[in-house]
Amino acid sequence: MGAIARYVGDIMNRILVKTVLENLNPGSTATVGGWVRTCRVSKGGFAFITINDGSCLAALQIVADATLANYEGEIVKLSAGCSVLVTGEVVESQGKGQRVELKAGELRVLGWADPADYPIQPKHHTMEFLRTQAHLRARTNTFGAVARVRNAVSAAIHEFFQSRGFIYLHTPIITASDCEGAGQLFRVSTLPAGQEPKDQAGAIDWSQDFFARKAYLTVSGQLEAETYACALGNVYTFGPTFRAENSNTPRHLAEFWMVEPEMAFCDLQGDARVAEEFLKYVFSAVLTRCPDDMQFFNERVDKTVLATMEHVLGNDFVRLSYTEAVDRLVKSGKTWNYPIQWGLDLQTEHERYITEEVFGKPVIISDYPASIKAFYMRMNDDQKTVAAMDVLVPRIGEIIGGSQREDRLDVLNERMRAMNLEPDSYWWYCDLRRYGSVPHAGFGLGLERVVQFITGMANIRDVIPYPRTPRSAEF
RNA sequence: UCCCCGAUAGCUCAAUCGGUAGAGCGAGCGGCUGUUAACCGCUAGGUUCUAGGUUCAAGUCCUAGUCGGGGAGCCA
């Protein structure tokens, strides 16, 4: 067995750097493992080695002196990226910058990292460069903090719904619904490329494909979630979602994670109320659990994120109808690149004006014209608008899109025909309205956009470990 | 997909009117130091994204492409 095997006992007993820094007092003994951030060798016969193990933003300072057997042979040669296992005594730090440090009694080098070619130097790197080193970028302060915040957000999402009795539902990744109205789909096929079997008309014969029909990666679990909501009451999905849109922006991914609660016996007002409570719960949880990481983002990434979080938590979201929003935009006196007119969708510039300049906080816009929204949204009594709502936040724009669903079969059929959709291919979706239909509502939230909003990270590709975007699927 | 901008040392950038490529950081070596993005000195390090073109001469100008960034659309 190799070198690692000999250390298994110590590895299993290691203590997190976070624990040492926050909980251990001078006099304790500890074994920690981590990756070297910096190593400064003093001719006075000792070396300062800071290591990080991902458990927290801060690094632990190790003091190793020349009495250690491998001091000259190994310790003085340590550099950024090396992995080490250190056992020593927690002591009060003589220097500034840390409460305690670890005086090494034994320092084992588990893995070297040649400083001549280790890509993560102890200096500023651009996000663009780190994206090309996605397998190592988690070792930086920024990406470690992003990973911890993303984790805290994910945990908070489950907690919020679980504590309210929602059932976590796993909707299919592969779907045969090819027109959910949410953009381009990735096709899933096992037919040999270029040699697909043809039917008599010369078209590809999909009946010979794996699923005996065309299949795709899901763009939303909503329709399936509705069926379970109409049996279990409140459910939520939380999983990967795919869009084959050729979108090249700092806010779009081809593969991203989406949360989609769906609630039976719920109308649009209830939907909006849950959306607001939900966002506030998640923001609050991150502030509570990742204070150091949030402080870091506030200092190094975006100096407004903490104030924004506090502001959002301390204020009610603004409720505004689409009609009122259009009215405000018309009367703003501003000149727009895109026209404002009742019946046209709001553009990014309009949404940002409302949420950033008019109110300076999240805004929930509701009751959009039916003509610009999906077939499944419930027609309002005015016969012109549907019970849809978008939650808009400063800087990001739309973070949540939701609606009360059309629960009347005849109205749904009418809407589908008006949008050139074939009700027969949605037979199971229509069945929900045929048998025991109930008012229900839900919304979808992009996980990465929430993490972006919370951390202030400018590009969505930097809040997911391995971003998939047009022409990019490295790693 | 559309518009704009960019690509020069490992990284971040500079290079005047088109005139023969430089700095900081990092790295190597040496010095100094309870240090903490340590500090000081020396050294090495380049097919200037690719392919064409203009010119006596191209990092610089032109054309096409590739990749990256910003904005827009689509959306979460």
Side-chain angles (χ1 to χ4, degrees), chain A residues 37-51 58-65 77 79-81 91-98 101 103 113-133 140-141 180-184 219-222 240-260 275 300 336-338 345-352 372-374 390-393 396-402 443-453 458-464 469-472 474:
Chain A
R37 283 292 176 78
T38 60
C39 177
R40 290 175 293 277
V41 178
S42 169
K43 282 298 183 296
F46 47 92
F48 299 102
I49 304 142
T50 56
I51 68 168
L60 173 65
Q61 177 158 281
I62 309 289
V63 183
D65 66 38
K77 296 173 184 165
S79 59
V91 297
E92 200 170 321
S93 180
Q94 295 175 36
K96 290 173 183 168
Q98 58 277 318
E101 59 196 24
K103 182 167 168 42
D114 187 345
D117 53 41
Y118 182 61
I120 311 296
Q121 302 170 356
K123 68 179 288 265
H124 171 78
H125 288 295
T126 58
M127 294 295 163
E128 291 80 13
F129 171 72
L130 290 171
R131 232 169 271 153
T132 71
Q133 307 293 327
T140 65
N141 284 333
E180 291 175 14
Q184 291 290 108
V219 293
S220 167
Q222 180 200 313
T241 307
F242 308 86
R243 302 280 166 89
E245 296 288 348
N246 190 11
S247 297
N248 297 285
T249 83
R251 299 178 303 281
H252 289 86
L253 292 165
E255 176 184 291
F256 63 99
W257 284 63
M258 188 154 67
V259 180
E260 295 179 291
R300 298 295 193 86
W336 307 101
N337 294 321
Y338 288 85
D345 207 356
L346 300 181
Q347 300 297 319
T348 299
E349 58 175 344
H350 309 140
E351 295 179 343
R352 292 190 63 157
I372 58 172
K373 289 293 184 181
D390 285 354
V391 180
L392 311 179
V393 295
I396 302 289
E398 182 183 338
I399 199 169
I400 280 179
F443 61 83
L445 163 122
L447 177 70
E448 287 76 15
R449 289 195 180 169
V450 175
V451 178
Q452 259 192 290
F453 183 67
N459 196 308
I460 200 168
R461 297 165 200 208
D462 301 323
V463 296
I464 188 169
T469 56
R471 299 180 306 282
S472 176
E474 186 65 71

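Just so you know, these numbers come straight off a predicted model, no measurement behind them. For the numbers below, each heavy atom of this structure counts, side chains included, while hydrogens, waters and symmetry mates do not. Sequence lines set the chain letters: A, B, ... in the order given, protein chains first and strands last, and positions in each chain run from 1.
In this model, a side-chain donor or acceptor of R449(A) finds a partner on the base of C75(B) within 3.5 Å. Scanning atom types as modelled, one donor and one acceptor separated by under 3.5 angstrom connect the side chain of Q94(A) and the base of G34(B). Counting distance only, with no hydrogens placed and no angle test, the side-chain atoms of H252(A) and the base atoms of C74(B) include a donor-acceptor pair under 3.5 Å. Side-chain atoms of E101(A) and base atoms of G34(B) include a donor and an acceptor less than 3.5 Å apart. The base of C75(B) is not paired with the side chain of S247(A) by any donor and acceptor separated by under 3.5 Å. With hydrogens and angles ignored, a donor-acceptor pair closer than 3.5 Å exists between the side chain of Q121(A) and the base of G10(B).
In this structure a side-chain-to-backbone donor-acceptor pair under 3.5 Å is present from T249(A) to R251(A).
On the C1' atoms, A37(B) is 13 Å away from G24(B), given to the nearest whole Å. Look at the P atom in both C40(B) and U36(B): the space between them is 12 Å, to the nearest Å. Spacing between G69(B) and U12(B) at atom C1', rounded to whole Å, works out to 15 Å. Taking atom C1' in both G10(B) and U48(B), one finds a spacing of 16 Å when rounded to whole Å. Only the P atoms considered, U60(B) is 27 Å distant from A44(B), to the nearest whole Å. Comparing the P positions of A58(B) and G53(B) gives an interatomic distance of 12 Å, to the nearest angstrom. Using P as the reference atom, A14(B) and U8(B) are 10 Å apart when rounded to the nearest Å. Between C42(B) and U55(B), the distance separating the two P atoms is 46 Å to the nearest Å.
For RNA chain B, each stem of at least three Watson-Crick or G-U pairs (distances under 3.5 Å) is given as range with range: B:1-7 with B:66-72, B:10-13 with B:22-25, B:27-31 with B:39-43, B:49-53 with B:61-65.
Residue R461(A) is in sugar-phosphate contact alone, with no base atom involved, counting any heavy-atom pair closer than 4.0 Å across all strands shown. Using a 4.0 Å heavy-atom distance criterion, S93(A) is classed as a base contact. Among the protein residues, Q61(A) comes within range of the nucleic acid bases, having at least one heavy atom under 4.0 Å from a base atom. Looking at heavy-atom distances under 4.0 Å, F129(A) makes contact with sugar-phosphate atoms alone, never a base. When heavy atoms are screened at a 4.0 angstrom cut-off, L253(A) is found touching base atoms of the nucleic acid. G44(A) comes within 4.0 angstrom of nothing in the nucleic acid, heavy atoms only. Residue contacts for P119(A): at a heavy-atom cut-off of 4.0 Å it reaches no nucleic acid atom on any strand shown. Within 4.0 Å of V41(A), counting heavy atoms only, lies at least one base atom of the nucleic acid. Heavy atoms of N248(A) sit under 4.0 angstrom from at least one base atom. At a threshold of 4.0 angstrom between heavy atoms, the contacts of Y338(A) are confined to the sugar-phosphate backbone, with no base atom among them. Within the 4.0 angstrom heavy-atom criterion, only backbone atoms of the sugar-phosphate kind lie near T38(A); the bases stay farther away.
Between the CD atom of E351(A) and the CG atom of D345(A) there is a distance of 7.5 Å, given to the nearest 0.5 Å. Separating the CG atom in N246(A) from the CD atom in Q184(A) is a distance of 10.0 Å, to the nearest 0.5 Å. Here the straight-line distance linking atom CD of E255(A) with atom CZ of R243(A) works out to 13.0 Å at 0.5 Å rounding.
One atom, CZ of R471(A), and another, P of G68(B), lie 6 Å apart when rounded to the nearest Å. Straight-line distance from the CD atom of Q133(A) to the P atom of U12(B): 10 Å, rounded to whole Å. One interatomic measurement links the two molecules: CZ of R37(A) to P of A37(B), which rounds to 13 Å at whole-angstrom precision. Rounded to whole angstrom, the span from the CG atom of D117(A) across to the P atom of A9(B) amounts to 17 Å. Rounding to whole angstrom units, CG of residue L346(A) and C1' of G73(B) are separated by 15 Å. In this structure, CD1 of I120(A) is placed 15 Å from C1' of C25(B), rounded to the nearest angstrom. Spacing between atom CD of E245(A) and atom C1' of A72(B) amounts to 14 Å, rounded to whole angstrom units.
OP1 or OP2 of G73(B) has at least one side-chain nitrogen or oxygen of Q347(A) nearer than 4.0 Å. In terms of phosphate contacts, R40(A) brings a side-chain nitrogen or oxygen within less than 4.0 Å of OP1 or OP2 of A38(B). An OP1 or OP2 oxygen of G69(B) is reached within less than 4.0 angstrom by a side-chain nitrogen or oxygen of R131(A).
Side-chain contact between H125(A) and T140(A) is absent, with no heavy-atom pair separated by less than 4.5 Å. Two residues are said to be in side-chain contact when any heavy atoms from C-beta on lie closer than 4.5 Å; I399(A) and V450(A) meet this criterion. Here the side chains of H252(A) and E245(A) are not in contact, with every heavy-atom distance at 4.5 Å or above.
Among the nucleotides C11(B), G34(B), U36(B), the one closest to the side chain of V63(A) is G34(B).
Nearest-nucleotide mapping onto RNA chain B: of F48(A) and A116(A), the residue sitting toward the 5' end is A116(A). Mapping T249(A) and P115(A) onto RNA chain B by nearest heavy atom places P115(A) closer to the 5' end of the strand.
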